[in-house]
Amino acid sequence: MLVGGEWISTPATRPVDNPATGDVFTGVPEAEEEHVDQALRRARAAQRTWGRLPLAQRADVLAEIVRQVDLHAEELARIVVAEQGKTITEARGEIQGVKSFFDFALSQKYRNVGEVVAPSRPGAQLTIREEPVGVVVAIIPWNFPAAIFARKVAPALMAGNAIVLKPSEVTPLSALAMARVCQLAGVPDGLLSVVTGPGRSIGKALVEHPVTDMVTVTGSTRAGREILAQAAEKIIPVSLELGGKAPVIVFDDADLDLAVQDAFEARFWNCGQVCTCNERTYVQRGVYDEFVRRFVDKVRSLRVGDPTDESSQMGPKVSAPEWAKVKEFVDNAVAEGAKIEIGGDRPDGVDEGGYWFAPTVLTGVTNDMEIVQHEVFGPVLPIIPFDTYEEVIEWANSTVYGLTSHVYTENMRVAMTATDDLEFGEVYINRIGPEEVGGFHTGWKLSGMGGDDGQHGFERYTHRKTVYVDYGPQR
Ligand SMILES: NC(=O)C1=CN([C@@H]2O[C@H](COP(=O)(O)OP(=O)(O)OC[C@H]3O[C@@H](n4cnc5c(N)ncnc54)[C@H](OP(=O)(O)O)[C@@H]3O)[C@@H](O)[C@H]2O)C=CC1
Ligand SMILES: O=C(O)[C@@H](O)[C@@H]1OC[C@H](O)[C@H]1O
């Protein structure tokens with residue numbers, strides 16, 4: 001682990017396995033509370049200097065991080081593949097994403113860092129300054145172990161904070177490798193630490209520690225809720241990017257080739273393990289049969305296999321518990337009356353020890369079923385017919401989540417009315433993600449609060465200080 005500028009190990013380690021084979025190939029330190037304390041106290045000390053540097057100087061360090069990521073891009077991508085299981089092509093894309101998060105953050109060197117408010121009397125000045133929050137704790141998941149590191153670390157550092165990050169137990173290596181890259185780029189000792197260990201003990205200790213000024217999380221709604229409760233005692237800001245249940249809505253006037261292609265990509269990228277993934281597709285009755293036929297044909301040609309092979313299009317699930325969770329969703333759906341059009345279990349021809357799940361399409365599904373209401377986070381798509389605009393909007397809004405939604409129609413009136421009516425933080429019209437760094441990745445309802453990216457995401461890492469100055473004649 002990188003704790004306060006030093007690489008340390010512990011007698012106890014936690015195994016890391018390869019999702020494609022199930023083979024354990026290394027282990028990482030199991031942090032104790034003393035490491036949490038050390039990392040946070042060193043962070044506080046380092047932040048005092050860093051937070052006072054001009055933005056342009058911080059931007060120079062971030063620019064060097066981008067350069068170092070470029071130099072180590074292939075190595076980083078291969079680490080992502082080894083511990084997370086996505087294909088090498090996807091992992092290379094993830095590393096490009098890492099660079100774009102740092103790129104966006106360093107562009108903030110030209111931002112306005114305050115406002116001047118008209119004072120109520122002469123000889124006075126009233127300004128509202130933007131200042132760093134201080135010491136940030138980031139808790140991140142396993143689905144984008146390098147990109148989400150960058151999504152948190154880049155704005156936190158650029159805004160003048162120190163950061164202590166806890167990666168998922170399942171994918172700690174990418175964060176450790178990224179920390180090394182940041183160190184090579186000249187990030188001062190102590191400003192960035194990566195502490196490895198379980199969320200329920202080490203994550204909790206980080207959140208509850210007196211030094212922590214802010215917490216940012218990407219993960220499940222369960223984890224988000226627990227972390228919010230932990231932070232409530234100290235009344236510190238918490239930004240939560242949690243689960244999703246994104247609908248794709250295809251109206252009968254849609255460009256069907258585009259809708260099928262996008263619905264397919266948005267379901268199966270990263271083996272369905274993205275909070276913005278197409279988790280349920282609603283297709284208007286007039287084009288339903290044709291959509292299902294074309295979609296299943298596409299799925300039949302999807303190349304599932306060795307993620308290190310450039311010709312593979314989908315790798316395994318990340319872990320055995322995640323595999324079992326998806327299998328249970330599919331079995332329950334079938335018990336509730338769903339029909340498996342394709343997939344439903346392990347695919348043929350893959351390593352028996354790995355966590356492989358075949359791309360799966362379900363029909364005969366109704367909106368009230370578990371598979372439509374709960375986040376699956378795997379390569380399983382229920383396709384549901386609908387008749388009217390009102391019906392599909394009600395269904396789209398019917399889950400507890402509100403992160404991402406997608407609409408396919410050639411009718412601008414329908415597209416824009418749906419944009420008004422959808423209760424989601426993100427609406428995509430005739431396109432899918434990934435989201436752009438200048439946007440705002442923000443969930444409504446149980447998908448979170450706060451959010452990442454762009455100006456609004458950056459502001460999360462800042463505090464306001466209102467300064468009143470009188471410089472007029474002595475009263
Ligand atoms: N929004 C998103 O992008 C993601 C959503 N998910 C959803 O969550 C489901 C479960 O995935 P899972 O791996 O359990 O994800 P979690 O939400 O449990 O993990 C995310 C991070 O939070 C940490 N954590 C968990 N509980 C706590 C806690 N009480 N206090 C502090 N830190 C905590 C985890 O630590 P630890 O190392 O112990 O796991 C991990 O670093 C997925 O199937 C998917 O539905 C998962 C990943 C990303
Ligand atoms: O956590 C997620 O699944 C998303 O935030 C994901 O992270 C990087 C991708 O661009 C996002 O969709």
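Just so it is clear, the structure is predicted and the values come from calculations on it, not from any experiment. In listed order, ligands and their atoms are each counted from 1.
The ring pair (Phe, Tyr, Trp, His ring centres under 6.0 Å) pairs that include a residue from residues 302-329 are W323-F357, where partners are two or more places apart or lie in different chains.
Judged as a salt bridge (Lys or Arg N to Asp or Glu O under 4.0 Å), and not counting sequence neighbours, the contacts of D257 are R294.
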When you check ligand 2 against the protein, what N or O pairs turn up below 3.5 Å? List the atom names and distances, or just say none.
| from | atom 1 | to | atom 2 | distance (Å) |
| --- | --- | --- | --- | --- |
| ligand 2 | 1 (O) | E241 | OE2 | 3.3 |
| ligand 2 | 3 (O) | N143 | ND2 | 2.8 |
| ligand 2 | 3 (O) | C275 | N | 2.7 |
| ligand 2 | 5 (O) | R151 | NH1 | 2.7 |
| ligand 2 | 5 (O) | E241 | OE2 | 2.7 |
| ligand 2 | 5 (O) | H441 | NE2 | 3.0 |
| ligand 2 | 7 (O) | R151 | NH1 | 3.2 |
| ligand 2 | 10 (O) | E435 | OE2 | 3.2 |
| ligand 2 | 12 (O) | E435 | OE1 | 3.2 |
| ligand 2 | 12 (O) | E435 | OE2 | 3.0 |

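In summary, the side chains of E341 and T363 do present a donor paired with an acceptor at a separation below 3.5 Å, with no hydrogens or angles considered. In this model, a donor atom of one side chain and an acceptor atom of the other lie less than 3.5 Å apart for Q183 and R180.
Between F377 and W142, the ring planes lie perpendicular to each other; the angle is over 60°, past the 30° to 60° tilted range. Classified by interplanar angle (parallel below 30°, tilted 30° to 60°, perpendicular above 60°), the ring pair F291/F295 is parallel.
Residue-level contacts of ligand 1 at the 4.0 Å heavy-atom threshold are I139, I140, P141, W142, N143, K166, P167, S168, E169, G197, P198, G199, G203, K204, T218, G219, S220, R222, A223, E226, I227, Q230, E241, L242, G243, C275, E322, K325, E375, F377.
Ion pair R431/E436 flagged as a salt bridge, since at least one NZ, NE, NH1 or NH2 atom sits closer than 4.0 Å to an Asp/Glu carboxylate oxygen. The pair E435-R151 counts as a salt bridge, with a side-chain nitrogen and a carboxylate oxygen less than 4.0 angstrom apart.
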Would R42 and D189 count as a salt bridge (charged side-chain N to carboxylate O under 4.0 Å, His left out) if you check the C-alpha gap in whole Å, the side-chain angles of each, and the deciding distance to 0.1 Å?
CA-CA 8 Å; R42 290 295 305 275; D189 283 353; 5.0 Å; no
